[in-house]
Amino acid sequence: MSNPVTGPVKVAPSILSADLLNLGNQARQVIDAGADLLHLDIMDGHFVPNLTFGPGLAKELKGLGIPLDVHLMVSNPGWAIEAFAPYAEYLTIHAEATPHLDRMLRLIREKGCKSGVALNPSTSPGFLKYVIENVDLVLVMTVNPGWGGQSFIPGMLQKIEEVSKLVRDSGFPVEVSVDGGISGKNAKAVADRGASILVSGNYIFSSDDMASAIQSLRRRTLVNC
Ligand code: DX5
Ligand code: ZN
């Protein structure tokens, strides 16, 4: 089942898994290797017990000429929406991070970005039907947020399918993105359940050949890894 709205699957490398002492070169390499988007994980030390990057890095990465897919793992993210909006194509907040999801999603669009909502593994997708008209992307987390390099949680395949169906039924052009433990081993299963964007960190950046790694995700074929 391919996504009827967006066509072929897109690949968004997560630079969380890049060599951080060589970040600029790693970003350029993964762009040259065929990335569609660059996924930037923002962690606040509160919503998740880890800290990562600020808007200064987002500004520099935007200067490389690739659309940024900014994933805010931030409690009460209003301030972060303001801070990252100038640099983001997609700006994604967590459903669990705010009691005012609808208002925050509208704010993202008002700031000129495409709005995304992320779901932790334990979050049921039913609420989406009440906000879907203000959503451009749903990010299904297939690991618990906070770190790169974790294993894909197999039970999330069913959720990807449920979210894809909910999106199709809504009639709105919403991307279904999947984040966490994505590799050549599971890309086909994930895409077959309706994902239109695959976020992948460790698999791409630990590869000797990033272009082949990206192609192996985009072609939706099973490879040995
Ligand atoms: C986890 C992040 C992911 C992570 C993906 O909190 O949202 O984007 O970096 O990395 P891998 O593909 O290594 O799981
Ligand atoms: Zn992410």
Side-chain angles (χ1 to χ4, degrees), residues 9-20 23 26-27 30 33 35-54 57-58 61 66-75 77 80-81 84 87-97 108 113-123 136-157 159-160 163 175-191 195-207 210 213-214 216-218 223 225:
V9 74
K10 294 185 273 291
V11 177
S14 165
I15 63 157
L16 188 62
S17 296
D19 173 0
L20 297 183
L23 191 52
Q26 291 261 281
V30 86
D36 297 291
L37 303 157
L38 205 56
H39 186 84
L40 184 60
D41 287 305
I42 308 301
M43 304 185 187
D44 69 348
H46 184 270
F47 181 70
V48 290
N50 200 354
L51 280 170
T52 56
F53 315 113
L57 180 64
L61 291 172
I66 187 167
L68 293 190
D69 177 31
V70 178
H71 176 191
L72 295 177
M73 285 159 273
V74 173
S75 300
I81 292 170
F84 284 91
Y87 317 115
E89 173 88 5
Y90 289 98
L91 196 43
T92 296
I93 57 177
H94 267 262
E96 308 84 6
I108 292 170
C113 300
K114 294 175 183 161
S115 61
V117 57
L119 283 69
N120 277 345
S122 59
T123 300
D136 297 298
L137 177 148
V138 179
L139 184 64
V140 179
M141 293 303 301
T142 43
V143 298
N144 285 290
W147 301 270
Q150 302 179 76
S151 297
F152 182 90
I153 301 172
M156 295 299 107
L157 284 175
K159 193 199 280 190
I160 297 164
V163 168
E175 302 277 5
V176 177
S177 183
V178 177
D179 185 6
I182 296 295
S183 73
K185 285 181 178 168
N186 52 35
K188 184 177 188 309
V190 168
S196 56
I197 299 175
L198 302 182
V199 177
S200 180
N202 193 55
Y203 175 68
I204 292 173
F205 283 100
S206 67
S207 164
M210 289 193 213
I214 289 173
S216 74
L217 299 177
R218 192 181 286 123
V223 296
C225 52

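All ligand and atom numbering here is 1-based and tracks the order in the structure.
- For the 3.5 Å distance criterion, the side chains of D41 and T52 fail to qualify, holding no donor opposite an acceptor.
- Of all protein N/O/S atoms, those under 2.8 Å from the Zn ion (ligand 2) are H39 NE2, D41 OD1, H71 ND1, D179 OD2, and waters are not counted.
- Taking a heavy-atom cut-off of under 4.0 Å, ligand 1 is surrounded by S14, L16, S17, H39, D41, M43, H71, M73, M141, P145, G146, W147, G148, G149, D179, G180, G181, V199, S200, G201, N202.
- Minimum heavy-atom separation, L198 to L217: CD1-O, 3.9 Å.
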* Yes or no on side-chain contact (heavy atoms from CB on, under 4.5 Å) for I15 and L61, after CA distance, side-chain angles and deciding distance? -> CA-CA 10 Å; I15 63 157; L61 291 172; 3.6 Å; yes
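- The shortest side-chain heavy-atom distance between Y90 and I108 does not fall under the 4.5 Å cut-off.
- Listed by chain and number, the residues in a salt bridge (Lys or Arg N to Asp or Glu O under 4.0 Å) with D136 are R109 (sequence neighbours excluded).
- Salt bridge E175/K10: present, at least one basic N to carboxylate O contact under 4.0 Å.
- Residues satisfying the salt bridge (Lys or Arg N to Asp or Glu O under 4.0 Å) test with K159, not counting sequence neighbours, are none.
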* T142 and V190: CA distance, side-chain angles, deciding distance, side-chain contact (heavy atoms from CB on, under 4.5 Å) verdict -> CA-CA 10 Å; T142 43; V190 168; 5.9 Å; no
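- A side-chain contact (heavy atoms from CB on, under 4.5 Å) with L38 is found for exactly one of V70, V30, D69, namely V30.
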